[in-house]
Trainee: 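Quick one: structure below, then a few questions.
Computed from a prediction, not measured in an experiment: that's the story for all the values here.
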Amino acid sequence: MAAPSVAPTARPWNPDYKHTDRERWICVYPAYINSRKSLKEGRRIPKDQAVDNPSYAEIRDVCAAAGLTLGVENKVYPRELDHRDQKFRGRIRVQLRNEEGQPMSEQFPSRNSLLLYLGQTIPKLKARTQSQSQSGGHQQQSSKQQKKKGRKGK
């Protein structure tokens, strides 16, 4: 019997890894920037700078647009109550440092600077601004329907 093969991204930790190895890249879970989470539940930035229920796809798109090297993994944040729920899946790995350990970008010298940037940029995404304008229209229609009160036939 042959030993099962292990994916190249699932290597055990070794302190000799360089900053360019995927295992040394920082992890970003959507819970880190979710305004609906408390600090105990995993939020890492101030609530007023956080985003309402971000998805891993939004984080991926913003990081890619900023020119960062990234990878997406099918992982769930350990503090999530429902691990099977698909909307909580996704972990983004981002490379912030080069081989010498120096920041690759002056804009992102640390993990916290990246998280704050995500909190500022995700609400400006086209999909977010369109969904907010559409949901506003649905609320007006439903309020008009609710004004109709009384018995039918009268």
Side-chain angles (χ1 to χ4, degrees), residues 3-142:
S5 63
V6 178
T9 58
R11 298 188 301 182
W13 170 252
N14 184 350
D16 297 330
Y17 286 152
K18 299 176 182 143
H19 288 282
T20 55
D21 291 328
R22 191 177 177 117
E23 289 79 13
R24 293 289 300 262
W25 297 2
I26 66 162
C27 294
V28 178
Y29 288 99
Y32 290 175
I33 58 173
N34 192 345
S35 63
R36 294 190 179 198
K37 299 273 183 193
S38 67
L39 289 174
K40 287 184 177 181
E41 292 172 324
R43 182 174 41 84
R44 295 200 177 185
I45 60 175
K47 195 171 230 174
D48 60 341
Q49 296 176 352
V51 182
D52 186 34
N53 287 331
S55 69
Y56 80 93
E58 293 170 332
I59 296 170
R60 178 195 63 205
D61 294 344
V62 170
C63 289
L68 296 170
T69 306
L70 59 98
V72 179
E73 298 174 347
N74 188 19
K75 299 283 186 180
V76 178
Y77 189 56
R79 294 183 192 171
E80 286 296 340
L81 297 176
D82 188 8
H83 290 285
R84 296 170 299 221
D85 196 353
Q86 290 297 315
K87 69 180 179 180
F88 297 124
R89 285 211 164 265
R91 173 172 77 181
I92 309 298
R93 287 239 185 204
V94 182
Q95 181 182 5
L96 289 185
R97 302 191 178 272
N98 59 17
E99 284 190 29
E100 293 83 34
Q102 302 299 320
M104 293 182 67
S105 171
E106 293 178 12
Q107 187 179 4
F108 306 114
S110 66
R111 174 195 318 256
N112 200 38
S113 64
L114 176 65
L115 295 177
L116 292 172
Y117 175 78
L118 290 170
Q120 294 169 357
T121 311
I122 289 177
K124 298 175 187 174
L125 289 175
K126 185 183 269 189
R128 287 241 172 192
T129 55
Q130 287 176 351
S131 65
Q132 288 174 355
S133 64
Q134 289 175 355
S135 65
H138 292 302
Q139 289 173 353
Q140 290 174 354
Q141 291 174 356
S142 62

Trainee: Would you mind reporting whether Asp21 and Lys18 have side-chain heavy atoms less than 4.5 Å apart?
Mentor: yes

Trainee: Side chain of Gln95, backbone of Arg97: donor and acceptor closer than 3.5 Å?
Mentor: yes

Trainee: Please report the closest heavy-atom contact between Gly119 and Pro123, naming both atoms and the distance.
Mentor: O-CD, 3.3 Å

Trainee: How far apart are the C-alpha atoms of Asn34 and Asn53, what are their side-chain angles, what is the distance that settles it, and do they pass the side chain to side chain contact (heavy atoms under 4.5 Å, CB included) test?
Mentor: CA-CA 5 Å; Asn34 192 345; Asn53 287 331; 3.1 Å; yes

Trainee: Just by modelled atom types, is the Arg22 backbone N or O under 3.5 Å from a matching donor or acceptor in the Arg93 side chain?
Mentor: yes

Trainee: Rounded to the nearest 0.5 Å, what separation is found between the CZ atom of Arg89 and the CD atom of Glu73?
Mentor: 12.0 Å

Trainee: When rounded to the nearest 0.5 angstrom, what is the spacing between CG in Leu68 and CD1 in Ile26?
Mentor: 8.5 Å

Trainee: Of the non-hydrogen atoms in Ser55 and Pro30, which two are nearest, and what is the gap between them?
Mentor: C-CG, 4.2 Å

Trainee: Would a 4.5 Å heavy-atom cut-off, applied to side chains only, mark Val28 and Leu70 as touching?
Mentor: no

Trainee: Between CD1 of Ile59 and OG1 of Thr121, what distance do you get to the nearest 0.5 Å?
Mentor: 11.5 Å

Trainee: What I want to find out is whether Glu41 reaches Arg79 closely enough, with some N-O distance under 4.0 Å, to be called a salt bridge.
Mentor: no

Trainee: State whether the side chain of Trp25 and the backbone N or O of Thr20 hold a donor-acceptor pair below 3.5 Å, judged by distance alone.
Mentor: yes

Trainee: Can you name the nearest heavy-atom pair linking Glu58 to Pro54, along with the distance?
Mentor: OE1-CA, 3.4 Å

Trainee: Does Arg24 use its side chain to pair, donor to acceptor, with the backbone of Tyr17 at less than 3.5 Å?
Mentor: yes

Trainee: Do Lys37 and Glu80 meet the salt-bridge criterion of a basic N to acidic O distance under 4.0 Å?
Mentor: yes

Trainee: At what distance, to the nearest 0.5 angstrom, does CZ of Arg43 lie from CD1 of Ile33?
Mentor: 12.0 Å

Trainee: For the residue pair Arg111 and Leu96, what are the closest heavy atoms and their distance?
Mentor: N-CD1, 3.9 Å

Trainee: May I ask you to test the His19-Pro103 pair for a side-chain heavy-atom distance under 4.5 Å?
Mentor: no

Trainee: First locate atom OH of Tyr29, then atom CZ of Arg44, and finally report the distance between them rounded to the nearest 0.5 Å.
Mentor: 9.5 Å

Trainee: Roughly how far, to the nearest 0.5 Å, is the CG atom of Asp52 from the CZ atom of Arg128?
Mentor: 6.5 Å

Trainee: How close do Tyr32 and Cys27 get, counting heavy atoms only, and between which atoms?
Mentor: CE1-O, 3.3 Å

Trainee: Is the number of heavy atoms from other residues, nucleotides or ligands under 6.0 Å of Leu39 CG greater than 12?
Mentor: yes

Trainee: Check whether more than 12 heavy atoms from other residues, nucleotides or ligands sit under 6.0 Å from atom OH of Tyr77, and answer yes or no.
Mentor: yes

Trainee: Is any side-chain heavy atom of Leu118 closer than 4.5 Å to a side-chain heavy atom of Val51?
Mentor: no

